[in-house]
Amino acid sequence: MKVNVQWMRLSPPRILVLGFASIIMLGTLLLMLPVSSRNGESLAFIDALFTATSAVCVTGLVVVDTGTYFSVLGQVIIAILIQIGGLGFMTMSTLVAIAFKRKISLKERLILQEAMNQSTMEGIVRLIRKVVIYSLILEGICGTLFALRWSLDMPIGRAIYYGYWHAISMFNNAGFDMFGDFRSLTGYVYDPFVNFTAMFLIVSGGIGFVVLSDLVDYHKTKKLSLHSKVVLLMTTLLIVFGALVIFVFEFSNPRTLGGLNWGGKILGSFFQSVTPRTAGANTVDIAGLRQATQFFMIILMFIGASPGSTGGGIKTTTFLIMAGAVIAMMRGREDIVFFRYRLVQERIFKALTITLLALLFIITVTMVLSTTEDSNFLMILFETTSAFGTVGLSLGLTLKLTTFGKLMICFTMFAGRLGPITLAYALGQKNKKELYRYPEGKMIIG
């Protein structure tokens with residue numbers, strides 16, 4: 001009883017941190033079992049911890065090859081960890097509560113509000129139902145499409161297994177693959193069916209469940225919320241602009257797009273533009289990209305997906321608010337306006353806080369790893385941003401990390417999945433509302 005009382009006294013951010021940490025530790029123990037590996041040997045603790053953290057935080061960075069090292073049981077455990085991590089452990093526990101017709105308490109609603117990054121508890125349980133339904137439907141449909149396509153290349157049983165496994169990985173923006181030798185989808189760079197199915201899953205999981213709900217209900221309401229409009233606009237702009245930049249930079253690069261025909265170049269450009277938005281799959285050799293392209297992908301990984309999604313990063317809305325603040329200041333305007341709606345100052349402060357905390361975190365981890373790991377700066381910055389953005393793309397550093405480096409990347413993935421503000425609230429104490437204000441002061445800026 002005492003334990004329950006103490007648990008209930010914890011703040012929602014702390015419960016989220018402890019919940020995700022508990023699932024990671026459970027996953028670590030399961031992956032260490034000899035039956036989880038093909039050779040029947042127990043995986044080292046640090047490697048099991050890294051894999052479990054990467055799965056629960058839906059990242060995709062790996063220190064052992066998923067397709068060749070793990071047994072079917074080990075691969076299923078990873079898929080379950082990805083599903084729980086992508087949807088959130090509170091979503092899964094709420095689903096169980098609903099199935100047993102148990103009432104969702106106020107405390108649980110507060111935790112769900114924090115987990116789904118919502119500003120209000122209104123309709124939160126209804127949203128959770130939609131999250132589960134939409135996820136299962138999209139994974140089921142696209143898993144079937146993958147299975148049909150891959151049945152042309154492999155036995156039908158394996159095609160079905162690969163199809164649904166990769167659908168779970170892609171929708172949850174995890175980046176894990178089963179093709180072995182860290183190939184990801186490089187064997188399908190010319191295949192529009194595989195490319196478009198994968199991109200559809202990645203974008204669907206990355207735009208957020210609130211936006212998915214708005215799109216599904218559009219035939220009834222005939223309108224979209226401001227949040228959905230902003231997310232769809234930013235997602236489209238980032239994908240198109242990203243594809244254009246990658247196409248221009250890599251057009252003549254023989255290690256990536258240079259050796260492909262026009263169809264392959266266009267598909268490759270769009271896929272590599274979509275995947276840094278926290279997905280982690282790739283159809284060309286990421287290590288073969290030019291440094292300018294790799295740095296551009298770091299920017300895309302830093303921005304990441306959208307709020308309330310399976311992805312990471314500072315989020316598309318945060319980036320747009322920051323850009324809007326710059327434009328408003330340059331034009332001498334006081335308000336940031338999107339689609340004829342003015343944003344309140346609190347949203348701007350939150351966007352600034354998230355961006356600065358994320359930058360400071362990535363810079364700190366990069367500096368630390370630069371002293372402990374034998375690699376060049378760009379590779380370390382790429383790997384760190386990939387971990388924080390829960391992307392999973394790698395230039396090859398992950399396989400060469402020291403034990404300390406693996407622990408640092410684990411913590412980076414964990415911080416990226418929860419978000420810098422949630423982690424800060426969990427480690428500190430959220431201040432109460434101020435009862436008074438100090439007199440206004442003036443400073444010279446710029």
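Since this is a predicted model, take the numbers as computed values, not measurements. Along the sequence shown, residues carry numbers from 1.
Counting only residues at least two apart or on different chains, the side chain to side chain donor-acceptor pair (under 3.5 Å) pairs with a member in residues 351-373 are Glu373-Thr402. Legend: salt bridge (charged side-chain N to carboxylate O under 4.0 Å, His left out) pairs involving residues 191-217, not counting sequence neighbours, sorted by first then second residue: Lys130-Asp217, Arg149-Asp191. Note on residues 294-307: pairs passing side chain to side chain donor-acceptor pair (under 3.5 Å), not counting sequence neighbours, are Ser306-Thr316. Identified under the salt bridge (charged side-chain N to carboxylate O under 4.0 Å, His left out) test for residues 54-78, with sequence neighbours left out: none. Applying the side chain to side chain donor-acceptor pair (under 3.5 Å) test to every pair with at least one member in residues 23-45, sequence neighbours left out, gives these pairs: Ser37-Asn39. Sorted pairs that involve residues 389-403 and meet salt bridge (charged side-chain N to carboxylate O under 4.0 Å, His left out), not counting sequence neighbours, are lacking altogether. Here salt bridge (charged side-chain N to carboxylate O under 4.0 Å, His left out) pairs that include residues 165-185, with residues two or more places apart or in two chains, number zero.
Counting all heavy atoms, side chain and backbone alike, Ala305 lies closest to Gly311 at CB-CA, 3.8 Å. For the residue pair Thr235 and Arg277, the shortest heavy atom distance occurs at O-NH1, 4.0 Å. Between Pro34 and Gly40, the closest heavy-atom pair is CB-O, 3.2 Å. Considering every non-hydrogen atom in both Thr318 and Ile314, the closest pair reads OG1-O, 2.8 Å. Across all non-hydrogen atoms, the minimal contact from Thr317 to Pro307 is OG1-CG, 3.1 Å. Considering all non-hydrogen atoms of both residues, Gly27 and Ala52 come closest at C-CB, 3.8 Å.
Side-chain contact check for Glu383 and Thr398: at least one donor-acceptor pair (N or O, by modelled atom type) lies under 3.5 Å. A donor-acceptor contact closer than 3.5 angstrom links the side chains of Thr278 and Asn173. Defined by atom type and a distance below 3.5 Å, a donor-acceptor pair is present between the side-chain atoms of Glu139 and Gln83.
In terms of the salt bridge (Lys or Arg N to Asp or Glu O under 4.0 Å) criterion, residue partners of Arg255 (sequence neighbours excluded) are, by chain and number, Asp285. In this structure, Lys265 has no salt bridge (Lys or Arg N to Asp or Glu O under 4.0 Å) partners at least two apart in sequence or on a different chain. Applying the ring pair (Phe, Tyr, Trp, His ring centres under 6.0 Å) test to Phe171 and every residue at least two apart in sequence or in another chain returns nothing. Thr385 is linked by a side chain to side chain contact (heavy atoms under 4.5 Å, CB included) to Ile298, Met301, Phe302, Ile362, Leu381, counting only residues two or more places apart in sequence or in another chain. In terms of the ring pair (Phe, Tyr, Trp, His ring centres under 6.0 Å) criterion, Phe70 has no residue partners (sequence neighbours excluded).
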Would Val56 and Phe414 count as a side-chain contact (heavy atoms from CB on, under 4.5 Å) here? Give the steps.
CA-CA 9 Å; Val56 174; Phe414 189 70; over 6 Å; no

Go through Leu289 and Leu395 one step at a time and tell me if the side-chain contact (heavy atoms from CB on, under 4.5 Å) criterion holds.
CA-CA 9 Å; Leu289 296 170; Leu395 298 183; over 6 Å; no

Do Phe196 and Phe200 pass the ring pair (Phe, Tyr, Trp, His ring centres under 6.0 Å) test, and can you show the C-alpha distance, the side-chain angles, and the key distance before you say yes or no?
CA-CA 6 Å; Phe196 283 117; Phe200 174 75; over 10 Å; no

Applying side-chain contact (heavy atoms from CB on, under 4.5 Å) to Leu33 and Val35, what does each step give before you reach the verdict?
CA-CA 5 Å; Leu33 295 174; Val35 290; 4.0 Å; yes

I would like to know whether Phe179 and Tyr162 meet ring pair (Phe, Tyr, Trp, His ring centres under 6.0 Å); could you show each step before the answer?
CA-CA 9 Å; Phe179 292 102; Tyr162 273 34; 5.6 Å; yes

Would you check, one step at a time, whether the test side-chain contact (heavy atoms from CB on, under 4.5 Å) holds for Leu257 with Ser269?
CA-CA 8 Å; Leu257 302 183; Ser269 298; 3.3 Å; yes

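With Asn253 contributing its side chain and Gly258 its backbone, the two residues share no donor-acceptor pair below 3.5 Å.
Atom OG1 of residue Thr53 and atom CG of residue Leu81 lie 9.5 Å apart, to the nearest 0.5 angstrom. Here Met170 contributes atom CE and Ser204 contributes atom OG; the two are 13.0 Å apart, rounded to the nearest 0.5 Å.
A side-chain contact (heavy atoms from CB on, under 4.5 Å) with Leu136 is found for exactly one of Val132, Leu138, Ile133, namely Val132.
The distance between the ring centers of Phe361 and Phe388 falls below 6.0 angstrom.
Contact of the Thr186 side chain with the Thr283 side chain is not registered, since no non-hydrogen atoms from C-beta on lie closer than 4.5 Å.
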